[in-house]
Amino acid sequence: MHVFLQELEALPPFDFELTVHNPAGWYWHNPLEVFSQGKVWTALHLSSGKLVGLRLGFKGSVEKPKVSMNVYSSQKLTNEEEKEIIELVVFGTGLKEDVSKFYNAVKNDSVLKHVIPNLYGMRRGTALNTHIFNSAILALTLQNAPIKRTDQMLELIVRNYGQRFTFDNKTTYTWPKPEIIMKASVGALTQKCKVGYRAKYLKSIAKTIHGGSCPTMRGLSLMPFEEAKAEVMKLKGIGEYSAEIILPHGEAFPIDIWSAQIFWKLFFPEKAAPHSKLEAIRRVREEAEERWGKWRRLSFVYVLCSLDNLSEKLNLQY
DNA sequence: GCGTCCAGGTCTACC
DNA sequence: GGTAGACCTGGACGC
């Protein structure tokens, strides 16, 4: 096993554990990654197809943060592959995001002032994506399902179609490659992963991405938000909510019926929610855009990682 | 037990 | 262009 070591500096403030293992319990890169004693182990395929395992840990402090990275692979990595891994990890952990600008922009916000102190230094944390397939799988499994169902589908997809990899005495899995899902039958996906009608969307998106007709995550991140959203919504099974789950842009605000209820109570505590759930989503979207502008994705993550805290401070029932 | 309902959306047929 | 209705699955609920 070849091991490549790298130390990465982060822009302070940076809290590693909150970023890769946040209070809401969301995974960082992959639902079957391992988190233990302040370190995270996960696996992925590089754009060359090579399989690598990652172990990330933290050094220093929130104000002088450094991330230590060990990369494990059965074949020696090229300089280009090492560079790709560093870029993915820097992007996926938000090491170079200046979160102090966010804190300054929202310092007087009536909601966020209650949540930032407990999450100081947390980044959004995103999957290590070259293509958008991993995020598209997440978006599809979030649709029309309570969280337990989503967890069930995600775990079955990764366990059945991802690649198992043991390194550094830990066993984990990669996300499935698009070509693996593309070649699986609808029947097999439905039976093994219990994804129901989502199977045909998974296959369709896998085929589009494998065929190269969908922009990469980097390509999308360079587009204006609305343009990138329209591009992703061309995929079968991807509507506005799912597109905003997938996109890396700060303006994304992936609100659904459940989270709209939470944000309605935070934004309009004195007003009854409209009868129409879609109308509530529309009003919450407008309010978030006006309040938080380009910081609404980070605000969204901070709020949903603080529901217990907000419930106490704002007498929020959810 | 067993049947019914419905949920962290999206597509499609129909008007 | 607007909008019901259908769609997998499994947990919650009533009986």
Side-chain angles (χ1 to χ4, degrees), chain A residues 22-28 31 124-127 132-161 176 181 184-209 214 228-247 252-267 273-285 287-288 296-308 310-311 316-318:
Chain A
N22 64 44
W26 303 336
Y27 60 82
W28 168 51
R124 182 188 145 201
T126 52
I132 66 160
F133 194 47
N134 309 341
S135 301
I137 293 172
L138 169 64
L140 285 173
T141 56
L142 282 169
Q143 293 172 8
N144 203 23
I147 197 67
K148 277 188 182 174
R149 264 287 280 143
T150 299
D151 287 344
Q152 177 196 42
M153 289 186 274
L154 279 176
E155 181 168 339
L156 289 170
I157 290 168
V158 172
R159 213 174 271 286
N160 281 296
Y161 292 99
I181 298 296
S185 70
V186 167
L189 281 169
T190 306
Q191 189 187 14
K192 289 183 181 176
C193 306
K194 303 194 183 300
V195 291
Y197 64 86
R198 300 169 190 84
K200 60 181 184 292
Y201 296 143
L202 282 169
K203 277 180 64 72
S204 166
I205 293 171
K207 188 177 176 187
T208 304
I209 291 171
C214 178
K229 190 157 112 177
E231 192 63 41
V232 174
M233 285 174 68
K234 289 178 185 169
L235 295 166
K236 282 281 181 194
I238 302 298
E240 187 170 30
Y241 166 75
S242 299
E244 299 205 13
I245 290 283
I246 292 168
L247 290 174
F253 195 70
I255 195 96
D256 50 30
I257 288 170
W258 172 79
S259 50
Q261 292 172 22
I262 304 286
F263 282 95
W264 184 275
K265 288 177 182 174
L266 292 171
F267 290 161
H275 181 66
S276 162
K277 291 173 177 174
L278 293 180
E279 174 64 9
I281 288 176
R282 190 186 65 76
R283 295 276 307 282
V284 164
R285 275 184 176 283
E287 178 67 16
R296 53 196 187 271
R297 181 58 179 260
L298 209 44
S299 303
F300 178 87
V301 173
Y302 268 63
V303 167
L304 293 190
C305 282
S306 305
L307 293 184
D308 291 342
L310 284 171
S311 160
L316 177 70
Q317 302 295 315
Y318 59 88

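Side-chain atoms are counted along with the backbone in the values below, which use heavy atoms only and exclude waters and symmetry mates. So that the names make sense, note that chain A is the first sequence line, chain B the second, and so on, each numbered from 1.
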Asker: Can you measure Leu278(A) atom CG to dC11(B) atom C1' for me and round it to whole angstrom units?
Answerer: 14 Å

Asker: Using heavy-atom distances to pick each residue's nearest nucleotide on DNA chain B, tell me which of Trp26(A) and Met233(A) is more 5'.
Answerer: Trp26(A)

Asker: Parallel, tilted or perpendicular: which describes the rings of Phe300(A) and Phe253(A), with under 30° parallel and over 60° perpendicular?
Answerer: perpendicular

Asker: Which whole-number value in Å describes the distance from Gln143(A) CD to dG8(B) P?
Answerer: 14 Å

Asker: Report yes or no: is there a donor-acceptor pair, N or O only, under 3.5 Å between the side chain of Tyr197(A) and the base of dG9(B)?
Answerer: yes

Asker: Is the number of heavy atoms from other residues, nucleotides or ligands under 6.0 Å of Lys200(A) NZ greater than 12?
Answerer: yes

Asker: At a heavy-atom distance below 4.0 Å, which nucleotide of DNA chain C is the first touched by chain A, and which is the last?
Answerer: dC7(C) to dG10(C)

Asker: Say we look at dG8(B) and dT3(C): how far apart would their P atoms be, to the nearest angstrom?
Answerer: 23 Å

Asker: Does atom CD of Glu279(A) have more than 12 heavy-atom neighbours, drawn from other residues, nucleotides or ligands, at distances under 6.0 Å?
Answerer: yes

Asker: According to the Watson-Crick and G-U wobble definition with distances under 3.5 Å, which dot-bracket string, read 5' to 3', encodes DNA chain C, using [ ] for crossing pairs and | for pairs with another strand?
Answerer: |||||||.|||||||

Asker: Say we look at dA13(B) and dC8(C): how far apart would their P atoms be, to the nearest angstrom?
Answerer: 15 Å

Asker: Can you name the closest pair of heavy atoms from Asn160(A) and Lys192(A) and give their distance?
Answerer: ND2-O, 3.3 Å

Asker: Please list, by residue number, the residues of residues 235-245 of chain A whose heavy atoms come closer than 4.0 Å to an atom of DNA chain B; answer none if no residue qualifies.
Answerer: Leu235(A), Lys236(A), Gly237(A), Ile238(A), Gly239(A), Glu240(A), Tyr241(A), Ser242(A)

Asker: Using the side chain to side chain contact (heavy atoms under 4.5 Å, CB included) definition, which of the options Ile245(A), Val232(A), Ile132(A) pairs with Ile238(A)?
Answerer: Val232(A)

Asker: Name the orientation class of the two ring planes belonging to Tyr201(A) and Tyr197(A) (parallel below 30°, tilted from 30 to 60°, perpendicular beyond 60°).
Answerer: perpendicular

Asker: Answer with base, sugar-phosphate or nothing: what part of the nucleic acid does Ile147(A) contact at a heavy-atom distance below 4.0 Å?
Answerer: base

Asker: Closest approach to the side chain of Asn144(A), judged atom by atom: which nucleotide of dC11(B), dA7(B), dG8(B) is it?
Answerer: dA7(B)

